[in-house]
Amino acid sequence: MANELILIVEDNDKNMKLARDILQVKGYRTIEAESAEAGLPLAAAQKPDLVLMDIQLPGMNGIEALKELRASPETSAIPVLAFTASVMPQDRREIMSAGFDGFVSKPINLKEFIASIATTLGKPGGAA
Ligand code: MN
């Protein structure tokens, strides 16, 4: 299993390290960006199998970044999971209606995190 390439867009060092460590232990390859502005060109160039996207980022936020990914033919089919501490139902609805493929909450729940990644990669349109 695994070996898929996952782009993590996250501006918090601790969250980045935790996500990276878990994914690498599970056999995924990771690339990283600390902002949407850095992540978008990386996604276009590296064509990751999945993007883990923080919502609150300096500059462009994660929802705007998702729209940019969807608008570009090079990145439109890449599944994107929202990676956010926001658990308010209204925020969650806004995130899902923006078109994310799913939602991973912070702080990370290990089982839920791994399951969400695996499920999303296994979906049609995700990496097989
Ligand atoms: Mn953030």
Side-chain angles (χ1 to χ4, degrees):
M1 58 168 274
N3 197 43
E4 287 98 339
L5 182 64
I6 299 177
L7 168 61
I8 309 166
V9 183
E10 167 62 76
D11 64 316
N12 178 283
D13 288 346
K14 283 185 184 169
N15 289 328
M16 177 69 90
K17 180 180 185 335
L18 187 56
R20 173 209 302 136
D21 288 352
I22 294 168
L23 292 172
Q24 290 186 357
V25 163
K26 287 288 161 185
Y28 300 109
R29 293 172 296 131
T30 60
I31 47 177
E32 302 173 10
E34 292 178 2
S35 69
E37 287 83 352
L40 290 171
L42 206 52
Q46 301 280 318
K47 310 265 193 317
D49 298 296
L50 184 150
V51 178
L52 194 57
M53 178 74 76
D54 185 19
I55 300 298
Q56 290 184 310
L57 290 162
M60 186 188 294
N61 70 32
I63 291 176
E64 293 166 334
L66 174 74
K67 288 175 184 160
E68 294 286 322
L69 288 170
R70 292 293 192 244
S72 165
E74 285 182 309
T75 55
S76 62
I78 300 173
V80 185
L81 289 179
F83 185 35
T84 177
S86 178
V87 291
M88 298 292 285
Q90 188 181 331
D91 293 342
R92 192 170 179 137
R93 273 197 298 275
E94 186 190 352
I95 287 164
M96 293 313 291
S97 70
F100 283 92
D101 293 276
F103 186 99
V104 180
S105 54
K106 288 186 260 188
I108 289 175
N109 172 308
L110 190 59
K111 269 188 159 175
E112 179 190 291
F113 181 83
I114 293 164
S116 295
I117 298 285
T119 300
T120 306
L121 286 168
K123 273 184 194 169

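Each ligand, and each atom within it, is numbered from 1 in the order the structure gives.
Per residue Asp11, closest N, O or S atom to the Mn ion (ligand 1): atom name OD1.
Put simply, the side chain of Thr30 reaches to within 4.5 Å of the side chain of Gln24, judged on heavy atoms.
In summary, an N, O or S atom of Asp54 is located under 2.8 Å from the Mn ion (ligand 1). Distances from the Mn ion (ligand 1) show that Asn12 has no N/O/S atom below 2.8 Å.
Arg70 places no side-chain N or O within donor-acceptor distance of the main-chain N or O of Ala77, the cut-off being under 3.5 Å.
With respect to Phe100, the side-chain contact (heavy atoms from CB on, under 4.5 Å) criterion is satisfied by exactly one of Leu81, Thr120, Thr84, Val80: Val80. Screening Asp21, Asp13, Asn15 for a side-chain hydrogen bond (donor to acceptor under 3.5 Å, both in side chains) involving Lys17 leaves a single residue, Asp21.
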